[in-house]
Enquirer: 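Okay, handing you the structure first.
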Amino acid sequence: MLAHHLDVSLRPDAGRVIARLFLPGEELPHGHSRAGAIVRRVLAIDEDEVTTLVAQLLKDFEPRHRNYREALLANASQVRSHVRPSTVLSPDRELLLGACFTAEFSTEGAALCNPSAVLHPDQTGLPPGQARLAVSLRAIGEGHLSSIGFVTALVGPGPEWTFEPRDLPVVSGTTSLASWRRDQLREVLLDHGHIDELSYSVLAALPEVFTGPDLHRVLFESHPDMLGRAGVQATVDLLRQLVASAYEVQFDADLSLSQRVLLPSAAEESHGMEDARFVLFTGDDGSVEYRATYTAYDGRHIAPRLLTSPDLRVFAAHRLAGPAARNKGLALFPRLVNGVHLSLCRSDGESTSLAYSDDGFVWGTPQPLQVPSASWETLQVGNCGPPIETDAGWLVLTHGVGPMRVYTISALLLDLVNPGRVIKRLPDPLLSTASDEREGYVPNVVYSCGGVVHDGRLWIPYGIGDARISVAWVDVAELIDAMVPA
């Protein structure tokens, strides 16, 4: 056997909860808000009972959340319009009001899967032969809502892998607007097939780099005849939604990596952020930053998106565009190749292709690389994370889906200088579902979003049944020797 399975696992922890805004009656689209009636009932409670209720709330929930009181007050402010301006609320009643519009969300209440591993930004204090890894996780909670969580792992010396304990409480960070480039917005609008005269007018008036307030100003200053045309409201709504979808998330420096979780913050990811593929990207100037592609899901449509971060503490999230960025599974190369950005993609839903980009945001027409051919990949093939550079070529973990929707993991080797050429492939699966790995949230699945090479070994953290995570490793030289010419 090429792959060596380790007796380590990471399972979902339902106690990893976030206190989120909860608006009763609006759980589903087009629901009827019950906020006004709830506010009136809160205002009618006797003050002594309010004090007792709040004391119990703080006892039960304050230890489970960071800045719990601040969260309650922030949520209370969201429904303050239902309270007469002249009404003065006691501090306890304000907290109680907020608690009635707050609910705990267990980020891993349903499942934990599809990890991606990169070197951790902190490599201090380690013995020789050991490395610290940052592992991203797809956490699935109530309503199949996916978010991006993290765990730290230690790898080496030798064939050793240890998941470090995960800290509590979980924190979702502070979200703010991010900037856009004008040409990037134009490409995203083209992807939507929605370039009309208002779009042209707005794009011409926007500065080269802009934010949401710039868009609002340009729309406000647009000619009334332009805004009064039939169907123009759809363009206005789309522009606002797209520009609002770019955001930044910042975490306090004293939070450990395992406490940080990225929750959906844009309309196009309202039903989940799926399968982040992280890579440590090195620019031609020697600069280094973390990048990850992930799939946003709004309940009907998917949208490939990009995360960038200098340190895994501050993240910027943006929409990707272009023909190659229209399906799941985009995976970035860790550096420029021949002066351009490269990625693997599955734009047709079943084959692996190579895509090019000048800026890392707009991806052109993909070039076919691998089509389903083996019996264990008759349904589809795709990547299992970003390509890994080796002396022999770009090593790519792949996945195949066969009869009974059984997933397997295999590998390709691409030419270093011309990655559009497959030079070797593994003739058999590297990992498949073992007898004790069939059951799960989604049966018969082994899947990874990215491995890492350390000390001559390729380490592959992988999800089992979309429910839990394990780890395998393979000697890189042995893996490449086992490949056959493509």
Side-chain angles (χ1 to χ4, degrees), residues 3 5 8-14 16 105-117 135-149 151 163 261-264 269-278 292-304 327-331 346 349-352 372 374-385 397-410 429-451 460-472:
H5 295 257
V8 296
S9 66
L10 192 66
R11 294 179 178 272
D13 178 359
R16 299 178 70 78
F105 173 72
S106 176
T107 61
E108 302 171 13
L112 191 68
C113 58
N114 300 357
S116 172
V135 183
S136 67
L137 313 165
R138 178 182 175 186
I140 306 175
E142 177 185 353
H144 198 75
L145 180 68
S146 296
S147 57
I148 301 172
V151 64
F163 285 115
V261 62
L262 296 170
L263 291 174
E269 59 192 31
S270 58
H271 281 61
M273 306 165 71
E274 303 178 0
D275 299 347
R277 288 161 159 81
F278 271 85
T293 55
Y294 68 98
T295 302
Y297 181 52
D298 67 0
R300 294 182 60 195
H301 306 103
I302 62 170
N327 213 314
K328 294 184 176 184
L330 201 71
R346 197 179 65 207
E350 64 178 25
S351 305
T352 303
S375 59
W376 37 272
E377 56 186 27
T378 50
L379 274 70
Q380 68 185 51
V381 294
N383 69 75
C384 267
L397 286 172
T398 65
H399 71 267
V401 185
M404 293 298 295
R405 201 192 176 202
V406 173
Y407 277 66
T408 55
I409 295 176
S410 191
L430 179 63
L431 291 174
S432 55
T433 49
S435 58
D436 60 347
E437 295 180 337
R438 291 197 176 280
E439 316 306 333
Y441 192 53
V442 181
N444 304 309
V445 172
V446 289
Y447 196 87
S448 178
C449 285
I460 311 170
Y462 64 97
I464 300 171
D466 276 10
R468 61 195 188 281
I469 290 167
S470 191
V471 180

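One is the number of the first residue; the rest follow in order along the sequence.
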Enquirer: Quick one: closest heavy-atom pair of Pro264 and Met273, and the distance?
Expert: N-SD, 3.4 Å

Enquirer: Ignoring hydrogens, what is the shortest heavy-atom contact between Ser106 and Asp13? Give both atom names and the distance.
Expert: OG-O, 4.4 Å

Enquirer: Does Lys328 form a side-chain contact (heavy atoms from CB on, under 4.5 Å) with Tyr297? I'd like the steps, not just the answer.
Expert: CA-CA 10 Å; Lys328 294 184 176 184; Tyr297 181 52; over 6 Å; no

Enquirer: Any donor-acceptor pair under 3.5 Å linking the side-chain atoms of Arg468 with those of Ser9?
Expert: no

Enquirer: So, taking the atom named NE2 in His144 and the one named OH in Tyr441, what distance separates them when rounded to the nearest 0.5 Å?
Expert: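 If we round to the nearest 0.5 Å, His144:NE2 and Tyr441:OH are 5.0 Å apart.
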
Enquirer: Can you tell me how far the CG atom of Leu262 sits from the CD1 atom of Ile148, to the nearest 0.5 Å?
Expert: 5.5 Å

Enquirer: Could you check Leu10 against Leu137 for side-chain contact (heavy atoms from CB on, under 4.5 Å), going step by step and ending with a plain yes or no?
Expert: CA-CA 10 Å; Leu10 192 66; Leu137 313 165; 4.0 Å; yes

Enquirer: Atom CZ of Arg11 and atom CD1 of Ile469: how far apart are they, to the nearest 0.5 Å?
Expert: 11.0 Å

Enquirer: Considering non-hydrogen atoms only, spot the tightest contact between Arg277 and Leu330 and give its length.
Expert: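 Looks like CD-O, 3.3 Å.
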
Enquirer: Evaluate the criterion side-chain hydrogen bond (donor to acceptor under 3.5 Å, both in side chains) for residue pair Arg138 and Ser146; output intermediate values, then yes/no.
Expert: CA-CA 6 Å; Arg138 178 182 175 186; Ser146 296; 2.9 Å; yes

Enquirer: So Pro403 and Thr378, do their side chains get closer than 4.5 Å, heavy atoms only?
Expert: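 Sidechains of Pro403 and Thr378: in contact.
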
Enquirer: Kindly say whether Gln380 contributes a backbone atom to a donor-acceptor pair with the side chain of Arg346 at under 3.5 angstrom?
Expert: no

Enquirer: Mind listing the closest non-hydrogen atom pair of Gly451 and Pro461 along with its distance?
Expert: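 Scanning both residues completely, I find the closest heavy atoms to be CA-CD, 4.2 Å.
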
Enquirer: Using modelled atom types and a 3.5 Å cut-off, is there a donor and acceptor pairing between side-chain atoms of Ser470 and backbone atoms of Val8?
Expert: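 Pair found, side chain donor or acceptor close to backbone of Val8.
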
Enquirer: Testing the 3.5 Å rule here: is there a donor-acceptor pair between the side chains of His5 and Tyr462?
Expert: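 Present: a donor and an acceptor within the cut-off.
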
Enquirer: Quick one: does Asn444's side chain have a donor or acceptor within less than 3.5 Å of a partner on Arg405's backbone?
Expert: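 Judged by distance alone, no pair lies under 3.5 Å.
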
Enquirer: Short question: side chain of His399, backbone of Thr408 - any donor-acceptor pair under 3.5 Å?
Expert: no

Enquirer: Evaluate the criterion side-chain contact (heavy atoms from CB on, under 4.5 Å) for residue pair Val406 and Ser432; output intermediate values, then yes/no.
Expert: CA-CA 8 Å; Val406 173; Ser432 55; over 6 Å; no

Enquirer: Please check if the side chain of Ser147 supplies one atom and the backbone of Leu263 the other of a donor-acceptor pair under 3.5 Å.
Expert: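 It does not hold such a pair.
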
Enquirer: Might you point out which heavy atoms bring Gly463 and Pro115 nearest each other, and give the distance in Å?
Expert: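 Looking at all heavy atoms of both residues, the shortest contact is N-CD, 3.5 Å.
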
Enquirer: Hey, could you give me the OG1/CD distance between Thr433 and Glu439, rounded to the nearest 0.5 Å?
Expert: 10.0 Å

Enquirer: Can you find a pair of side-chain heavy atoms, one from Leu145 and one from Phe105, that are under 4.5 Å apart?
Expert: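 The answer is yes, as the side chains (C-beta and beyond) meet within the 4.5 Å cut-off.
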
Enquirer: Ignoring hydrogens and geometry, is there a side-chain-to-backbone donor-acceptor pair from Ser448 to Ile460 under 3.5 Å?
Expert: no

Enquirer: How far does CG of Leu431 sit from OG of Ser410, to the nearest 0.5 angstrom?
Expert: 9.5 Å

Enquirer: In terms of the angle between their ring planes, are Tyr407 and Tyr447 parallel, tilted or perpendicular, with boundaries placed at 30° and 60°?
Expert: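 Plane angle over 60°, so perpendicular.
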
Enquirer: Which atoms form the tightest heavy-atom contact between Ser116 and Ala276, and what is the distance?
Expert: CB-O, 3.4 Å

Enquirer: Quick one, Asn114 with Glu274, criterion side-chain contact (heavy atoms from CB on, under 4.5 Å). Give me CA distance, side-chain angles, the key distance, then yes/no.
Expert: CA-CA 9 Å; Asn114 300 357; Glu274 303 178 0; over 6 Å; no

Enquirer: Can you confirm whether Cys113 sits close enough to Ile140 that some side-chain heavy atom of one is under 4.5 Å from a side-chain heavy atom of the other?
Expert: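 They are in contact (side-chain heavy atoms under 4.5 Å apart), so the answer is yes.
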
Enquirer: Tell me if a side-chain donor or acceptor on Thr107 pairs with a main-chain N or O of Arg16 at a distance below 3.5 Å.
Expert: yes

